[in-house]
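For reference, the structure discussed in these notes is given below.
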Amino acid sequence: MALQDVCKWQTPDTARPSVHLPQASGWAVPRGCDPQTFLQIHGPRLAHGTTTLAFRFRHGVIAAADTRSSCGSYVACPASRKVIPVHQRLLGTTSGTSADCATWYRVLQRELRLRELREGQLPSVAGTAKLLAAMMSRYRGLDLCVATALCGWDHSGPALFYVYSDGTCLQGDIFSVGSGSPYAYGVLDCGYHYDMTIQEAYTLARCAVAHATHRDAYSGGSVDLFHVRESGWEYVSRSDACVLYKELQKARSLEQELEAKASGVHSEPAEPQGARECKELFVEQEEVTPEDCAIIVKTETM
């Protein structure tokens with residue numbers, strides 16, 4: 001009797017797509033075609049963008065991101081989650097293709113869990129960043145798009161690493177990734193310092209993402225804020241980006257008014273240009289003396 005009849009076992013269908021990742025050389029492309037060239041010619045070209053940031057300070061690591069997932073000019077999801085927890089003391093911001101980011105974070109969670117079972121402890125943040133960079137570097141040139149900032153706390157304290165899908169792995173104190181990152185960097189560079197308080201860090205992160213969503217068309221929705229402490233990560237808040245930007249503008253104008261009142265400086269009303277020209281034209285005439293008349297007569301006779 002066949003094995004299929006006994007236990008209802010069936011041979012796996014290799015034609016169907018597998019849930020596991022293929023090997024670097026196992027992508028299904030026509031014979032004789034280079035994978036990178038094939039994807040550049042026939043692959044979809046849809047613009048996408050985001051704003052994610054993370055910075056390290058005395059009390060941990062702050063991670064913030066907007067919630068708009070865009071596909072060209074179409075907003076695919078206005079309330080997506082772009083900060084993904086890995087374990088209790090590690091999370092990461094995601095930028096790039098949403099499917100690639102979600103897939104590789106699941107792979108990373110699996111690998112870390114297996115290593116914890118084998119070695120009895122989780123690797124450090126630096127080891128996790130190197131592991132993720134090494135795994136993704138094997139797929140370089142296959143149109144993989146993952147840019148992430150790993151935020152965690154290990155035996156060395158708060159740690160922050162930037163990892164890109166081509167194998168790049170960088171350590172730093174401030175990272176912002178996405179199409180809105182230039183605007184976020186402008187706010188972060190002005191207000192960041194390592195010894196800031198927790199509330200100052202929260203305000204800085206919200207302000208940076210809110211300003212980026214106001215200027216970048218591919219960023220928007222809400223602002224998600226996370227805080228990684230020694231005890232673990234914490235989901236702080238989700239604030240509407242538009243409302244948050246308006247509140248920041250009102251607070252800024254109120255501060256300027258208070259500073260002006262405190263210094264006692266009041267701006268004088270600007271003088272119209274026409275009145276200034278009239279003053280220059282109508283100059284007060286001086287009295288003519290007899291000596292001036294004699295000089296005029298001598299000049300005419302000459």
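Numbers here are sequence positions counted from 1.
- Residue L132 is not grouped with residue V83 when hydrophobic side chains (ILVMFWY) are merged at heavy-atom distances under 4.5 angstrom, including chains of intermediate members.
- V236 and V86 fall into different hydrophobic clusters, where Ile, Leu, Val, Met, Phe, Trp and Tyr side chains are chained together by heavy-atom contacts under 4.5 Å.
- Of the possible donor and acceptor atoms, one in the side chain of S253 sits under 3.5 Å from a partner among the backbone N and O of K250.
- Looking only at distances, no side-chain donor or acceptor of W153 sits under 3.5 Å from a matching main-chain atom of V61.
- One hydrophobic cluster holds both L108 and V163 under the rule that ILVMFWY side chains link at heavy-atom gaps under 4.5 Å.
- Judged by distance alone, the side chains of S80 and S69 do bring a donor and an acceptor atom under 3.5 Å apart.
- Contact of the P123 side chain with the L112 side chain is registered, since non-hydrogen atoms from C-beta on lie closer than 4.5 Å.
- Within 6.0 Å of atom CZ in R215, 12 or fewer heavy atoms from other residues, nucleotides or ligands are found, so the atom counts as exposed in its surroundings.
- A 4.5 Å side-chain heavy-atom check between T94 and D100 finds every atom pair outside the cut-off.
- Within 6.0 Å of the CZ atom in R238, the count of heavy atoms belonging to other residues, nucleotides or ligands exceeds 12.
- Between the side chains of T50 and D66, a donor-acceptor pair is found at a separation under 3.5 Å.
- T67 pairs in a side chain to side chain contact (heavy atoms under 4.5 Å, CB included) with only one of the listed residues (T213, V209, D224), which is D224.
- In this structure, R115 and L131 have side chains that are in contact, with non-hydrogen atoms separated by less than 4.5 Å.
- Y194 and L53 end up in the same hydrophobic cluster when Ile, Leu, Val, Met, Phe, Trp and Tyr side chains are linked at under 4.5 Å.
- Residues D240 and S222 bring no donor and acceptor atom of their side chains to less than 3.5 Å of each other.
- Under 3.5 Å, the side chains of Y235 and H227 contain no donor-acceptor pair of N or O atoms.
- Residues V146 and L144 are in side-chain contact: their nearest non-hydrogen atoms beyond the backbone lie under 4.5 Å apart.
- The local environment of CD in E230 is sparse, with at most 12 non-hydrogen atoms from other residues, nucleotides or ligands closer than 6.0 Å.
- Under a hydrophobic clustering in which Ile, Leu, Val, Met, Phe, Trp and Tyr are joined whenever their side-chain heavy atoms come within less than 4.5 Å, directly or via other members, M136 and L170 fall into different clusters.
- Pairing each heavy atom of C207 with each of L248, the nearest pair is CA-CD1, 3.6 Å.
- Taking H214 as the reference, Y245 meet the ring-ring contact (aromatic ring centres under 6.0 Å, His included) condition, with sequence neighbours excluded.
- The existence of a salt bridge linking R113 and E116 is confirmed by a sub-4.0 Å separation between a basic side-chain nitrogen and an acidic carboxylate oxygen.
- By the 4.5 Å heavy-atom criterion applied to side chains, F55 and F175 are not counted as neighbours.
- Between R140 and D166 there is no salt bridge, since no side-chain N of the basic residue sits under 4.0 Å from a carboxylate O of the acidic one.
- T51 and S219 share a side-chain donor-acceptor pair at under 3.5 Å.
- With hydrogens and angles disregarded, no donor-acceptor distance shorter than 3.5 Å links the side chain of E200 to the backbone of D195.
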For this session: Please report the C-alpha distance between Q171 and L160 in whole Å, then the side-chain angles of each, then the deciding distance to 0.1 Å, and finally whether the side-chain contact (heavy atoms from CB on, under 4.5 Å) criterion is met.
Result: CA-CA 6 Å; Q171 183 180 10; L160 177 61; over 6 Å; no
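- Within the 4.5 Å cutoff, the side chain of L258 has no heavy atoms near those of the E255 side chain.
- Side chain of S263 to backbone of E259: a donor-acceptor contact under 3.5 angstrom is found.
- Legend: residues meeting salt bridge (Lys or Arg N to Asp or Glu O under 4.0 Å) with D189, ordered by chain and number and at least two apart, are absent.
- Pairing each heavy atom of A210 with each of A241, the nearest pair is CB-O, 4.3 Å.
- Note that CD1 of I84 and SG of C101 are 6.5 Å apart. Values are rounded to the nearest 0.5 Å.
- Atoms CG and OG, from L244 and S239 in turn, are 5.5 Å apart once rounded to the nearest 0.5 Å.
- Inter-residue side-chain proximity for Y192 and L204 is flagged as met; some heavy-atom pair is nearer than 4.5 Å.
- The heavy-atom pair separating A64 from A205 by the smallest distance is CB-CB, 4.1 Å.
- Looking only at side-chain heavy atoms (C-beta outward), E234 and F226 stay at 4.5 Å or farther from each other.
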For this session: Verify side-chain contact (heavy atoms from CB on, under 4.5 Å) between T148 and F161, making sure each step is shown before the conclusion.
Result: CA-CA 8 Å; T148 179; F161 285 84; over 6 Å; no
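- What you find for R229 and Y202 is that their closest heavy atoms are NH2-OH, 3.4 Å.
- Contact record, L91 with A63: CD1-CB, 3.9 Å, taken as the closest heavy-atom pair.
- By the 4.0 Å N-to-carboxylate-O rule, D154 lies too far from R89 to be salt-bridged with it.
- Between A201 and I62, the closest heavy-atom pair is CB-CG1, 3.9 Å.
- Side-chain atoms of T93 come within 3.5 Å of backbone atoms of A149 as a donor-acceptor pair (strictly under, hydrogens ignored).
- K82 places no side-chain N or O within 3.5 Å of a backbone atom of S98 that could act as its donor or acceptor partner.
- For the residue pair S176/Y183, the side-chain donor-acceptor check at 3.5 Å is not satisfied.
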